[in-house]
Amino acid sequence: MRKNIVAGNWKMNKTLQEGKELAAELKQLLAGAKPACDVIIGTPFIHLVTVSEELKGSVIKVAAQNNADKESGAYTGEVSASMVKSTGAEYVILGHSERRAYYGETYEILKEKVLLALKNSLKPIFCIGEVKEEREAGKQNDVVKAQLEGSLFNLSKEEFSNIVLAYEPVWAIGTGLTATPQQAQEIHAYIRGLIAAKYGSEVAENTSILYGGSCNPGNAKELFSNPDVDGGLIGGASLKAADFKAIIDAF
Ligand code: 13P
(Lines give C-alpha, C1' and ligand atoms only; values in the text may rest on other atoms or scores of the structure.)
Protein backbone atom coordinates (compact mmCIF):
# COMPACT_ATOMS: atom_id res chain seq x y z
CA MET A 1 0.00 0.00 0.00
CA ARG A 2 1.04 3.56 -0.57
CA LYS A 3 2.86 5.56 2.04
CA ASN A 4 1.61 8.59 3.87
CA ILE A 5 4.22 11.32 3.65
CA VAL A 6 4.72 14.73 5.18
CA ALA A 7 7.46 16.60 3.30
CA GLY A 8 8.81 20.06 4.02
CA ASN A 9 9.97 22.45 1.32
CA TRP A 10 12.18 25.06 2.90
CA LYS A 11 12.46 26.94 -0.42
CA MET A 12 15.14 29.67 -0.30
CA ASN A 13 15.12 30.09 3.46
CA LYS A 14 17.63 29.51 6.27
CA THR A 15 21.39 29.97 6.31
CA LEU A 16 23.40 26.80 6.70
CA GLN A 17 23.66 27.33 10.46
CA GLU A 18 19.93 28.02 10.81
CA GLY A 19 19.10 24.99 8.70
CA LYS A 20 21.32 22.76 10.79
CA GLU A 21 19.59 24.02 13.93
CA LEU A 22 16.12 23.45 12.48
CA ALA A 23 17.05 19.90 11.43
CA ALA A 24 18.46 19.20 14.91
CA GLU A 25 15.31 20.57 16.53
CA LEU A 26 13.09 18.38 14.37
CA LYS A 27 15.21 15.33 15.03
CA GLN A 28 14.86 16.01 18.74
CA LEU A 29 11.09 16.46 18.49
CA LEU A 30 10.70 13.21 16.60
CA ALA A 31 13.16 11.18 18.67
CA GLY A 32 11.39 8.21 20.15
CA ALA A 33 8.18 9.12 18.35
CA LYS A 34 6.90 6.72 15.73
CA PRO A 35 5.30 9.01 13.15
CA ALA A 36 2.45 7.40 11.22
CA CYS A 37 3.94 8.77 7.99
CA ASP A 38 7.29 9.15 6.27
CA VAL A 39 8.94 12.49 6.99
CA ILE A 40 11.10 14.33 4.46
CA ILE A 41 12.67 17.78 4.48
CA GLY A 42 13.60 19.56 1.26
CA THR A 43 16.52 21.91 1.81
CA PRO A 44 18.61 24.20 -0.37
CA PHE A 45 21.52 22.40 -2.10
CA ILE A 46 24.19 23.74 0.21
CA HIS A 47 22.42 22.29 3.28
CA LEU A 48 22.10 18.76 1.97
CA VAL A 49 25.32 17.25 3.32
CA THR A 50 25.13 18.93 6.72
CA VAL A 51 21.45 18.19 7.22
CA SER A 52 21.82 14.57 6.04
CA GLU A 53 24.60 14.10 8.59
CA GLU A 54 22.64 15.85 11.31
CA LEU A 55 19.69 13.53 10.66
CA LYS A 56 21.61 10.26 10.84
CA GLY A 57 19.79 7.92 13.20
CA SER A 58 16.51 9.76 12.72
CA VAL A 59 13.48 8.77 10.64
CA ILE A 60 13.66 12.02 8.69
CA LYS A 61 14.83 11.81 5.09
CA VAL A 62 16.29 14.59 2.95
CA ALA A 63 15.25 16.01 -0.42
CA ALA A 64 16.85 18.51 -2.75
CA GLN A 65 14.62 21.13 -4.39
CA ASN A 66 15.98 20.71 -7.91
CA ASN A 67 18.50 18.93 -10.11
CA ALA A 68 19.92 19.88 -13.48
CA ASP A 69 18.46 18.72 -16.78
CA LYS A 70 21.96 17.79 -17.94
CA GLU A 71 24.16 14.98 -16.75
CA SER A 72 27.45 16.86 -16.17
CA GLY A 73 29.86 19.29 -17.77
CA ALA A 74 30.00 22.96 -18.69
CA TYR A 75 26.78 24.18 -17.06
CA THR A 76 27.96 26.87 -14.66
CA GLY A 77 25.92 27.12 -11.49
CA GLU A 78 23.97 23.91 -12.02
CA VAL A 79 23.85 20.90 -9.70
CA SER A 80 23.44 17.45 -11.22
CA ALA A 81 21.30 14.59 -9.97
CA SER A 82 24.41 12.48 -9.29
CA MET A 83 25.81 15.33 -7.14
CA VAL A 84 22.55 15.50 -5.21
CA LYS A 85 22.60 11.75 -4.69
CA SER A 86 26.18 11.90 -3.41
CA THR A 87 25.13 14.18 -0.53
CA GLY A 88 22.91 11.53 1.06
CA ALA A 89 19.63 12.99 -0.20
CA GLU A 90 17.08 10.37 -1.28
CA TYR A 91 14.42 12.60 -2.83
CA VAL A 92 14.25 15.63 -5.09
CA ILE A 93 11.37 18.07 -5.49
CA LEU A 94 10.83 18.69 -9.22
CA GLY A 95 8.29 20.69 -11.18
CA HIS A 96 7.46 23.13 -8.40
CA SER A 97 5.28 25.95 -9.73
CA GLU A 98 7.85 28.52 -8.60
CA ARG A 99 10.44 26.90 -10.85
CA ARG A 100 7.97 26.62 -13.70
CA ALA A 101 6.95 30.28 -13.34
CA TYR A 102 10.24 32.02 -12.45
CA TYR A 103 12.86 29.80 -14.10
CA GLY A 104 11.08 28.77 -17.26
CA GLU A 105 10.93 25.05 -16.54
CA THR A 106 8.94 23.50 -19.36
CA TYR A 107 7.39 20.05 -19.64
CA GLU A 108 10.42 18.99 -21.73
CA ILE A 109 13.02 20.28 -19.27
CA LEU A 110 11.18 18.60 -16.42
CA LYS A 111 11.02 15.36 -18.35
CA GLU A 112 14.85 15.39 -18.55
CA LYS A 113 15.21 16.29 -14.88
CA VAL A 114 12.95 13.41 -13.85
CA LEU A 115 14.85 10.92 -16.02
CA LEU A 116 18.19 12.02 -14.57
CA ALA A 117 16.86 11.91 -11.00
CA LEU A 118 15.61 8.34 -11.53
CA LYS A 119 18.84 7.30 -13.26
CA ASN A 120 20.66 8.40 -10.10
CA SER A 121 18.24 6.61 -7.76
CA LEU A 122 16.63 9.77 -6.46
CA LYS A 123 12.88 9.70 -5.90
CA PRO A 124 11.18 12.70 -7.49
CA ILE A 125 8.45 14.50 -5.58
CA PHE A 126 6.81 15.89 -8.69
CA CYS A 127 4.57 18.95 -8.32
CA ILE A 128 1.56 19.73 -10.48
CA GLY A 129 -1.29 22.20 -10.12
CA GLU A 130 -3.25 24.97 -11.75
CA VAL A 131 -3.17 28.76 -11.37
CA LYS A 132 -6.14 30.77 -10.14
CA GLU A 133 -7.49 31.69 -13.60
CA GLU A 134 -7.42 28.04 -14.64
CA ARG A 135 -9.35 26.99 -11.52
CA GLU A 136 -11.87 29.79 -12.09
CA ALA A 137 -12.35 28.57 -15.66
CA GLY A 138 -12.85 25.01 -14.40
CA LYS A 139 -9.73 23.85 -16.25
CA GLN A 140 -7.81 22.33 -13.32
CA ASN A 141 -8.24 18.74 -14.52
CA ASP A 142 -6.94 19.57 -18.01
CA VAL A 143 -3.95 21.37 -16.52
CA VAL A 144 -2.79 18.53 -14.27
CA LYS A 145 -3.40 16.02 -17.06
CA ALA A 146 -1.19 17.98 -19.45
CA GLN A 147 1.51 18.30 -16.77
CA LEU A 148 1.52 14.54 -16.16
CA GLU A 149 1.47 13.71 -19.86
CA GLY A 150 4.12 16.30 -20.65
CA SER A 151 6.75 15.22 -18.13
CA LEU A 152 5.95 11.83 -16.57
CA PHE A 153 3.84 9.58 -18.75
CA ASN A 154 6.84 8.72 -20.93
CA LEU A 155 8.16 6.69 -17.97
CA SER A 156 7.89 2.92 -17.79
CA LYS A 157 5.69 1.40 -15.11
CA GLU A 158 8.78 0.50 -13.06
CA GLU A 159 10.15 4.03 -13.33
CA PHE A 160 6.82 5.61 -12.45
CA SER A 161 6.62 3.52 -9.28
CA ASN A 162 9.38 5.74 -7.83
CA ILE A 163 7.40 8.95 -8.26
CA VAL A 164 5.67 10.80 -5.44
CA LEU A 165 3.17 13.35 -6.70
CA ALA A 166 2.27 16.63 -5.05
CA TYR A 167 -0.86 18.46 -6.12
CA GLU A 168 -0.21 22.11 -5.35
CA PRO A 169 -2.81 24.59 -6.59
CA VAL A 170 -0.73 27.69 -7.30
CA TRP A 171 -3.44 29.97 -5.87
CA ALA A 172 -3.03 28.24 -2.50
CA ILE A 173 0.76 28.48 -2.21
CA GLY A 174 1.87 30.97 0.40
CA THR A 175 -1.46 32.77 0.20
CA GLY A 176 -3.27 31.40 3.23
CA LEU A 177 -5.96 30.15 0.84
CA THR A 178 -6.26 26.39 1.03
CA ALA A 179 -8.12 24.04 -1.25
CA THR A 180 -11.13 22.72 0.63
CA PRO A 181 -10.82 19.07 1.63
CA GLN A 182 -13.47 18.35 -0.99
CA GLN A 183 -11.58 20.20 -3.76
CA ALA A 184 -8.41 18.34 -2.81
CA GLN A 185 -10.11 14.93 -2.71
CA GLU A 186 -11.82 15.53 -6.05
CA ILE A 187 -8.67 16.35 -7.98
CA HIS A 188 -6.51 13.78 -6.17
CA ALA A 189 -9.02 11.10 -7.16
CA TYR A 190 -8.95 12.41 -10.73
CA ILE A 191 -5.12 12.26 -10.76
CA ARG A 192 -5.16 8.72 -9.41
CA GLY A 193 -7.63 7.80 -12.16
CA LEU A 194 -5.23 9.14 -14.81
CA ILE A 195 -2.42 7.04 -13.34
CA ALA A 196 -4.69 3.98 -13.32
CA ALA A 197 -5.62 4.53 -16.96
CA LYS A 198 -1.95 4.81 -17.92
CA TYR A 199 -0.21 2.31 -15.63
CA GLY A 200 -2.99 0.18 -14.15
CA SER A 201 -4.79 0.28 -10.85
CA GLU A 202 -2.02 -1.35 -8.81
CA VAL A 203 0.47 1.41 -9.65
CA ALA A 204 -2.23 4.03 -9.06
CA GLU A 205 -3.12 2.60 -5.65
CA ASN A 206 0.56 2.57 -4.68
CA THR A 207 1.30 6.17 -5.70
CA SER A 208 1.40 8.71 -2.87
CA ILE A 209 -0.32 11.96 -3.83
CA LEU A 210 0.45 14.83 -1.45
CA TYR A 211 -1.44 18.09 -1.11
CA GLY A 212 0.48 21.38 -0.93
CA GLY A 213 -0.65 24.98 -0.49
CA SER A 214 -1.07 26.73 2.86
CA CYS A 215 -1.26 23.44 4.71
CA ASN A 216 -0.87 24.10 8.42
CA PRO A 217 -1.47 22.47 11.82
CA GLY A 218 -5.06 23.77 11.75
CA ASN A 219 -6.16 22.22 8.45
CA ALA A 220 -3.83 19.23 7.96
CA LYS A 221 -6.02 16.68 9.70
CA GLU A 222 -9.08 17.43 7.62
CA LEU A 223 -7.10 17.45 4.37
CA PHE A 224 -5.26 14.20 5.18
CA SER A 225 -8.47 12.41 6.17
CA ASN A 226 -9.51 12.19 2.51
CA PRO A 227 -8.95 8.77 0.97
CA ASP A 228 -6.84 10.09 -1.93
CA VAL A 229 -4.81 12.65 0.02
CA ASP A 230 -1.71 10.83 1.22
CA GLY A 231 0.00 13.66 3.04
CA GLY A 232 1.34 17.12 2.41
CA LEU A 233 4.12 19.16 0.88
CA ILE A 234 4.57 21.95 3.35
CA GLY A 235 6.20 25.32 2.68
CA GLY A 236 5.91 28.04 5.33
CA ALA A 237 4.85 25.74 8.16
CA SER A 238 7.92 23.52 7.62
CA LEU A 239 10.18 26.35 8.77
CA LYS A 240 8.98 26.04 12.37
CA ALA A 241 9.78 22.70 13.98
CA ALA A 242 6.70 22.71 16.23
CA ASP A 243 4.30 23.45 13.35
CA PHE A 244 5.87 20.82 11.12
CA LYS A 245 5.67 18.29 13.95
CA ALA A 246 2.02 19.18 14.51
CA ILE A 247 1.31 18.48 10.81
CA ILE A 248 3.10 15.13 11.09
CA ASP A 249 0.94 14.39 14.13
CA ALA A 250 -2.18 14.99 12.02
CA PHE A 251 -1.71 11.36 10.90
P1 13P B 1 3.05 27.00 1.55
O2 13P B 1 2.81 25.82 2.49
O3 13P B 1 3.94 28.03 2.14
O4 13P B 1 1.79 27.50 0.98
O5 13P B 1 3.90 26.39 0.32
C6 13P B 1 3.49 25.23 -0.28
C7 13P B 1 4.54 24.80 -1.22
O8 13P B 1 4.80 25.45 -2.22
C9 13P B 1 5.28 23.57 -0.93
O10 13P B 1 6.06 23.17 -1.99
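Numbers here are sequence positions counted from 1. Order of appearance sets the numbers: ligands from 1, and atoms from 1 within every ligand. Keep in mind that this is a model prediction, so the values were computed, not measured.
The closest protein non-hydrogen atom to atom 9 (C) of ligand 1 is E168 OE2, 2.8 Å. Regarding atom 5 (O) of ligand 1, its nearest protein heavy-atom neighbour is K11 NZ, 3.3 Å. Distance from atom 3 (O) of ligand 1 to its nearest protein heavy atom, with residue and atom name: G236 N, 2.8 Å. Looking only at heavy atoms of the protein, atom 2 (O) of ligand 1 is closest to G235 N, 2.9 Å.
Applying the salt bridge (Lys or Arg N to Asp or Glu O under 4.0 Å) definition to pairs two or more places apart or across chains, those involving residues 109-129 are E71-K119, E105-K113, E108-K111. Sorted by first then second residue, the salt bridge (Lys or Arg N to Asp or Glu O under 4.0 Å) pairs that include residues 194-214, not counting sequence neighbours, are R2-E205.
For P217 against D243, the heavy-atom pair with the smallest separation is CG-O, 3.7 Å. Heavy-atom minimum distance, N162 versus P124: O-CD, 3.7 Å.
Contacts between N9 and ligand 1, counted as non-hydrogen atom pairs separated by less than 4.0 Å, involve the side chain only.
At least one heavy atom of G213 sits closer than 4.0 Å to an atom of ligand 1. Residue S238 places every heavy atom at 4.0 Å or more from ligand 1.
By the 30° and 60° cut-offs, the orientation of the rings of Y199 relative to F153 is perpendicular.
An N or O contact shorter than 3.5 Å is missing between T175 and ligand 1 by distance.
Here atom 1 (P) of ligand 1 lies nearest to S214 when heavy atoms of G232, C127, S214 are compared. In the candidate list C215, G212, G174, G174 is nearest to atom 4 (O) of ligand 1, counting heavy atoms.
The contact set between ligand 1 and A172, taken as ligand atoms under 4.0 Å from a residue heavy atom, comprises 4 (O). Residue L233 has at least one heavy-atom neighbour below 4.0 Å for each of these atoms of ligand 1: 9 (C), 10 (O).
Of the N and O atoms on the side chains of H96 and Q65, not one donor lies less than 3.5 Å from an acceptor on the other residue. For the residue pair W171 / E130, a side-chain donor-acceptor distance below 3.5 Å is found, with atom types taken as modelled.
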**Request:** Mind running salt bridge (Lys or Arg N to Asp or Glu O under 4.0 Å) on E78 and K70 for me, showing each step along the way?
**Result:** CA-CA 9 Å; E78 287 294 294; K70 303 286 192 303; over 6 Å; no

